[in-house]
Number of protein chains: 2
Amino acid sequence: MEYGLLLQNIAKHIRLSADEEKYFLSGWQSKKLRRKQFLLQEGDVTKNAVFVVSGLLRMYSIDKNGFEHILQFAPPGWWIGDIKSFISQQPGSLYIDALEDSGILLMEKTYLDQLYKKVPSFERFFRILAENALGTYQQRLIDNLSLPAIERYNNFCRLYPSLIECLPQKQVASYIGVTPEFLSKMLSGKQTS
Amino acid sequence: MEYGLLLQNIAKHIRLSADEEKYFLSGWQSKKLRRKQFLLQEGDVTKNAVFVVSGLLRMYSIDKNGFEHILQFAPPGWWIGDIKSFISQQPGSLYIDALEDSGILLMEKTYLDQLYKKVPSFERFFRILAENALGTYQQRLIDNLSLPAIERYNNFCRLYPSLIECLPQKQVASYIGVTPEFLSKMLSGKQTS
DNA sequence: TTTTTCCCTTAACCTACATTATTGGTTCCC
DNA sequence: GGGAACCAATAATGTAGGTTAAGGGAAAAA
C-alpha cells in the first residue's frame, strides 16, 4: 500500500481521526522518477511538499565552478524539498534528482495550507519535523567547521549505515565536502578503523 | 515595556485573543546576564526557550583543540537555544554566553508544552520559526561548502550589517569559519570592496 | 559485441588557510 | 596610574585538502 510508509511517519507524532486521515490522503498525488531525472532545478519554485516512498533522491547546489554540494539524501520514508523556496514561493537555487528509479508523493502548498486549517495537528507534525531537521543541520554545520574530513566520513557511516552501502563514493564525498580524489586517498590510507 | 519586542515577534505570524496573550505572557521569567556570563555550557540540558530582549548573545561549540565555532549570534528580537537538547531533554554539547550585558526571557519546556495545548496556534508560530531557521542553516551549510572565506565574510556583512559594527573581528572569524589571523590578513589585502 | 559512460585509483603538484610567535594599541579594573 | 586582559596586525612556516591528468575496470547503452 502506497501510503503505508507515510501514515507510519505521521503516526509517530500525531493521531488522526478517520475523516482527517481521509482528507489528508486525498491531497497527495504519486509520481515515478527515473534514475537521473530532475524533480527540481535552479530557478524553479518549489510548489510541493515531497515524501519519498521508494528509491533514493538527493538535493544539492552547484557552485560557480560547477561543483555539486549535496545537502541531503532522501531514502524511503524521508521528506525532501527546498524549504526556502517552498516558504517564500520564490525561485530557489537547489537541485533535486533521483539517484535510482524512485516513487514519491507530492502535496501542493495550497492544499497543505488548507490542511493546516482543517487539521491543525499538522502544524504540530511539521513543527516537530522542522525542529528535528534544524537540529540535524546545526550538528552538520558544527561538524563541517570543527572536524577533519576523515571524521566527517566516519560520522556519515555511523549515521547512515545503509546509505553508505548503496552510494558511489563520489556522492559521499560531495556530501561530506571533499573531492572524490581526496576521499579515495583518505580511505586507501586507512585500512581498518 | 519588556514584552513589547516579544509580542511584536509573535504578531508577525499569529493573532492572539486577550486571554491567550495573558496565559502566554505569564509563562515567562526575565533574567539579566552580565557580559561573559554563561547561559548554557556543554553537558547542560536546555530546559527553557529563550528570547533576547536586549544585549547580544552567542551560541557556539568548542572542538577538541579548544577552538570555538559560533553557530549563531542573537541580538534583541531573536530566539536562541540548543534545539537538540531542548527537544530530547538530553545533555547538549553547545555553549551560550553573553557578549554584552543582556536581558532575556525564559519559558520552561513544560510550560511551553502546556501552551501548545491551550493555544494551538503556537504550534504554527514555532513551526514557521523552525522552518525559517532551517532555511537559514541550509544556506549557511551551502556557503561553507562552496564559497571561499572572503565571500562568506561578504555574505555576513550583507546579512547582518548592524552586527558587523559591534562585533570584534575575532567573533566574526569564528562565525565564518576562519582564524582571526586569516581574517585580518584577508581584510588588509582588500582595501575597498 | 562494441562503444560509451561512469566511477575509482594513483600521483605530482598547488593553494587556501592554519599555526605559532611577536608587536603594539585599547580598554578595563585595582 | 599600572597591570592585565583583550584585540588587531604582520610574518614565517606548515598542512589538509584541491587540482590536473592519466589509466583501468565495470556497467550501461547501442
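Owing to the predicted nature of the structure, the values given are computational and were not obtained by experimental measurement. Here is how names work: the chains are called A, B, and so on, in the same order as the sequence lines, proteins then strands, and each is numbered from 1. Atom set for the values below is all heavy atoms of this structure, side chains included, hydrogens, waters and symmetry mates excluded.
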Rounded distance (nearest 0.5 Å) linking atom CD1 of I104(B) with atom CG of L33(B): 4.5 Å
Spacing of Y60(B) atom OH and I96(B) atom CD1 [to the nearest 0.5 Å]: 9.5 Å
Length of the [atom1]-[atom2] vector between [X] and [N], whole Å:
X       : N       : atom1 : atom2 : result
L167(B) : dC6(D)  : CG    : P     : 17 Å
R34(B)  : dC28(C) : CZ    : P     : 14 Å
R35(A)  : dT5(C)  : CZ    : P     : 14 Å
L145(B) : dG18(D) : CG    : C1'   : 14 Å
E68(B)  : dC6(D)  : CD    : C1'   : 13 Å
Q171(A) : dC8(C)  : CD    : P     : 9 Å
L99(B)  : dA5(D)  : CG    : C1'   : 16 Å
Q169(B) : dC6(D)  : CD    : C1'   : 13 Å

Closest contact, heavy atoms only, D82(A) versus G92(A): OD2-CA, 3.6 Å
Between protein and nucleic acid, restricted to nucleotides 15-19 of chain C and to nitrogen or oxygen atoms under 3.5 Å apart, what atom pairs and distances do you find?
from	atom 1	to	atom 2	distance (Å)
dC17(C)	OP1	A149(B)	N	3.3
dA18(C)	OP2	T179(B)	N	3.1
dA18(C)	OP2	T179(B)	OG1	3.2

Lys NZ or Arg CZ of R127(B) over Y116(A) ring: under 6.0 Å, within 45°: yes
Electrostatic pair E100(A):R35(A) at N-O distance under 4.0 angstrom: no
Salt bridge K117(A)-D113(A), side-chain N to carboxylate O under 4.0 Å: no
